[in-house]
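Predicted model only: the values in this text are computed from it and were never measured. Order of listing sets the numbers, starting from 1, for every ligand and every atom in it.
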Amino acid sequence: MQKLIVQGGQRLRGKVNASGSKNSSLPILAATLLTKEECIIRHVPDLSDTNYMLQILCELGAEVERASGTMSVKAEKIKHDAPYDLVRKMRASICVMGPLVGRLHKATVSMPGGCVIGDRPVDLHLKGLEYLGADVKVDGGNINIQAGKGGLKGTSMNLQGRFGSTVLGTDNVLMAAVLTKGTTIIEGAAAEPEVEDLANFLNKMGAKIEGAGTTRIVVEGVKELHGAEHTVIPDRIEAGTFIIAGAICGDGVMVKRCVPAHLRPLTDVLQASGYDVTTTKDSVTIMPAKSPKGFHLTTRPHPGFPTDMQAQMCALACTTPGLSSAKETIFPQRFMHVPELKRMGATIELDGDTARITGVEKLSGCPVMASDLRASAALVLAAINAKGTTEVHRLYHIDRGYEHLDDKLATLGAVMERARE
Ligand code: EPZ
């Protein structure tokens with residue numbers, strides 16, 4: 001296992017490119033199971049999560065070839081059961097369920113286990129598939145799905161849950177519905193850019209989807225899909241992480257190859273807090289704020305403020321003068337970063353689903369423990385700005401979702417190195 005040793009007191013400046021989106025690549029790679037023909041997916045980031053997905057596709061019978069960020073997948077003959085051993089490593093592997101049900105009208109997928117960011121049921125995924133006419137049984141840790149007597153049939157449904165829309169739930173129902181005869185209408189759908197990117201890929205394969213990127217999606221089922229080529233969208237969460245790094249300790253940071261519109265929920269908060277943010281068609285530049293002020297954010301499904309940037313914004317608030325707060329409405333317990341930031345000297349009061357942060361002059365470097373992907377990114381950002389040296393343990397959390405984060409931050413002036421635990 002590795003750790004990251006970060007030298008504090010650094011200023012960041014310069015340009016960095018965003019990688020392809022992890023949360024777009026995962027469902028899009030799963031969608032290649034919907035056709036026998038070859039699919040070419042470009043700009044797939046080199047992450048442990050995308051590698052897991054490719055392993056799962058191979059386990060299910062697909063032929064996979066890769067050349068740096070370009071993946072060729074041909075799922076000519078496939079099995080319907082995704083084994084526990086693979087699914088347990090990555091929750092997002094649940095998104096093979098929709099394509100298997102859509103193409104084979106049956107699937108056996110291991111029920112995903114617990115997650116440190118909070119309770120993450122899949123009841124909405126299953127409800128959506130039941131609406132399409134599937135019989136769903138959970139038995140022995142497995143989800144067994146079989147098309148009912150009448151086969152699958154398009155219908156209308158609402159996928160809103162207690163915490164709002166579901167991203168992978170919308171993806172799964174979408175991928176089952178594209179090969180289901182009739183019209184499927186998904187109300188309360190997730191409107192994230194990654195859902196829209198998946199729909200764009202499916203339409204290239206011959207699907208008939210309208211309304212992706214909004215909360216109402218209409219799918220006209222087709223008999224079969226063909227192979228297609230697609231380039232995944234840039235990773236807005238990775239890009240946002242670099243922009244927040246530029247706010248914390250930057251003297252001009254430009255993130256290139258990103259989609260500024262996807263980052264509006266973040267840049268709106270930063271501009272209101274006093275940062276000078278400028279954009280071009282594919283870049284965002286952040287300049288230091290003369291007198292930054294506290295901010296108050298509430299996470300919501302897109303186009304609300306993304307929960308996957310909440311932890312990084314908490315790191316910013318730690319050294320922002322005055323009071324800031326972050327209310328987490330999607331994963332109310334998603335505050336694993338808080339005790340570690342407090343170890344570095346932050347002043348944070350946790351009150352249920354809200355963190356209230358009073359800015360301090362400077363944090364101090366010390367050993368901290370990464371717990372999940374975004375929390376670990378927040379600790380790295382805080383460490384770059386802190387006094388002294390910080391050791392971030394369990395680095396594997398970062399490698400799940402950030403492509404060469406340490407190298408990229410080093411191009412902006414950060415000083416850090418990997419070492420054995
Ligand atoms: C996706 O997870 C992302 N993962 C997450 O990013 C992200 O945090 C999340 O969407 C929210 O934006 C991928 O795309 C691979 P949800 P997903 O279903 O789809 C509840 C990262 O850091 N819910 O939209 O699993 C759920 O508990 C990861 O990259 C149900 O109640 O999240 C949560 O409170 C972490 N029943 C809320 O809905 C369900 O059946 C939103 O979850 C499904 C979800």
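Contacts of Arg162 with ligand 1, taken as heavy-atom pairs under 4.0 Å, are absent altogether. Residue-level proximity to ligand 1 for Asp123 is carried by backbone and side chain together, each with a heavy atom below 4.0 angstrom. No part of Asp171 comes within 4.0 Å of ligand 1, judged by heavy-atom distances.
In this structure, a donor-acceptor pair under 3.5 Å is absent between the side chains of His226 and Glu224.
Shown in contact with Ser165 at under 4.0 Å from a heavy atom are these atoms of ligand 1, numbered in order with element: 24 (O), 41 (C). For ligand 1 and Ala92, the ligand atoms under 4.0 Å from any heavy atom of the residue are 15 (C). Each of the following atoms of ligand 1 lies closer than 4.0 Å to a heavy atom of Lys22: 21 (C), 29 (O). Within the listing of ligand 1, atoms 5 (C), 6 (O), 7 (C), 8 (O), 21 (C), 22 (O), 28 (C), 29 (O), 35 (C) sit less than 4.0 angstrom from a heavy atom of Asp308. For ligand 1 and Thr307, the ligand atoms under 4.0 Å from any heavy atom of the residue are 8 (O), 11 (C), 12 (O). Interface of Leu373 with ligand 1, defined as ligand atoms under 4.0 Å from a residue heavy atom, comprises 22 (O), 29 (O). Here is the list of ligand 1 atoms found below 4.0 Å of a heavy atom in Val122: 39 (C), 40 (O). Residue contact check: Ile330 has heavy atoms under 4.0 Å from atoms 33 (C), 34 (O), 37 (C), 41 (C) of ligand 1.
Rounding to the nearest 0.5 Å places CD of Glu65 at 12.0 Å from OG1 of Thr70.
In terms of polar-atom proximity, defined here as any N/O pair under 3.5 Å, Arg374 does make such a contact with ligand 1. For a threshold of 3.5 Å applied to N or O pairs, the pair formed by Val167 and ligand 1 contains at least one separation below that value. For Phe331, no nitrogen or oxygen atom sits less than 3.5 Å from a nitrogen or oxygen atom of ligand 1, counting backbone and side chain alike. Between Glu192 and ligand 1, no N or O atom pair is found at a separation short of 3.5 Å. Every N/O-N/O distance between Gly169 and ligand 1 stays at or above 3.5 Å. Among the atoms of Gly164, none of the N or O lies under 3.5 angstrom from an N or O of ligand 1.
A distance-only check finds a donor-acceptor pair linking the side chain of Lys408 to the backbone of Asn17 [under 3.5 Å]. Judged by distance alone, the side chain of Thr285 and the main-chain N or O of Met254 form no donor-acceptor pair under 3.5 Å. A donor-acceptor pair is defined here as one N or O able to donate and one able to accept, closer than 3.5 Å; such a pair exists between the side chain of Glu238 and the backbone of Ser19.
Put simply, the residue from Glu421, Glu391, Glu417 that forms a salt bridge (Lys or Arg N to Asp or Glu O under 4.0 Å) with Lys3 is Glu391.
Under a 4.0 Å N-O distance rule, the pair Arg42/Glu229 qualifies as a salt bridge. Classification of Asp353 and Lys327 as a salt-bridged pair holds, one side-chain N sitting under 4.0 Å from a carboxylate O. A salt bridge links Arg216 and Glu187; the closest N-O separation between the charged side-chain nitrogens and carboxylate oxygens is under 4.0 Å. Using a 4.0 Å cut-off between a side-chain N of Lys or Arg and a carboxylate O of Asp or Glu, Lys22 and Asp308 do not qualify as a salt bridge.
The minimum heavy-atom distance between Ala176 and Thr180, with the atom names listed, is O-OG1, 2.8 Å.
Nearest to atom 19 (O) of ligand 1 among the protein's heavy atoms is Leu168 N, 2.8 Å. In this structure, the protein non-hydrogen atom closest to atom 27 (O) of ligand 1 is Asp119 O, 3.0 Å. For atom 17 (P) of ligand 1, the closest non-hydrogen atom of the protein is Arg120 NH2, 3.6 Å. Scanning the protein heavy atoms around atom 38 (O) of ligand 1, the nearest turns out to be Phe163 CB, 4.0 Å. Protein heavy atom closest to atom 18 (O) of ligand 1, with residue, atom name and distance, is Thr166 OG1, 2.6 Å.
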**Report entry** Criterion side chain to side chain donor-acceptor pair (under 3.5 Å) on His337 and Gln310, from CA distance to verdict
**Finding:** CA-CA 10 Å; His337 43 287; Gln310 177 259 102; 2.9 Å; yes
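The ring pair (Phe, Tyr, Trp, His ring centres under 6.0 Å) check on Tyr402 picks up nothing, with sequence neighbours excluded.
Using a 4.0 Å cutoff on heavy atoms, Pro121 counts as a contact of ligand 1. Heavy atoms of Lys127 come nearer than 4.0 angstrom to ligand 1 in no pair at all. For Arg334, the heavy-atom gap to ligand 1 drops under 4.0 angstrom.
The aromatic rings of His230 and Phe201 sit tilted, their planes meeting at an angle between 30° and 60°.
Within the 4.5 Å cutoff, side-chain heavy atoms of Cys318 are placed close to those of Ile348.
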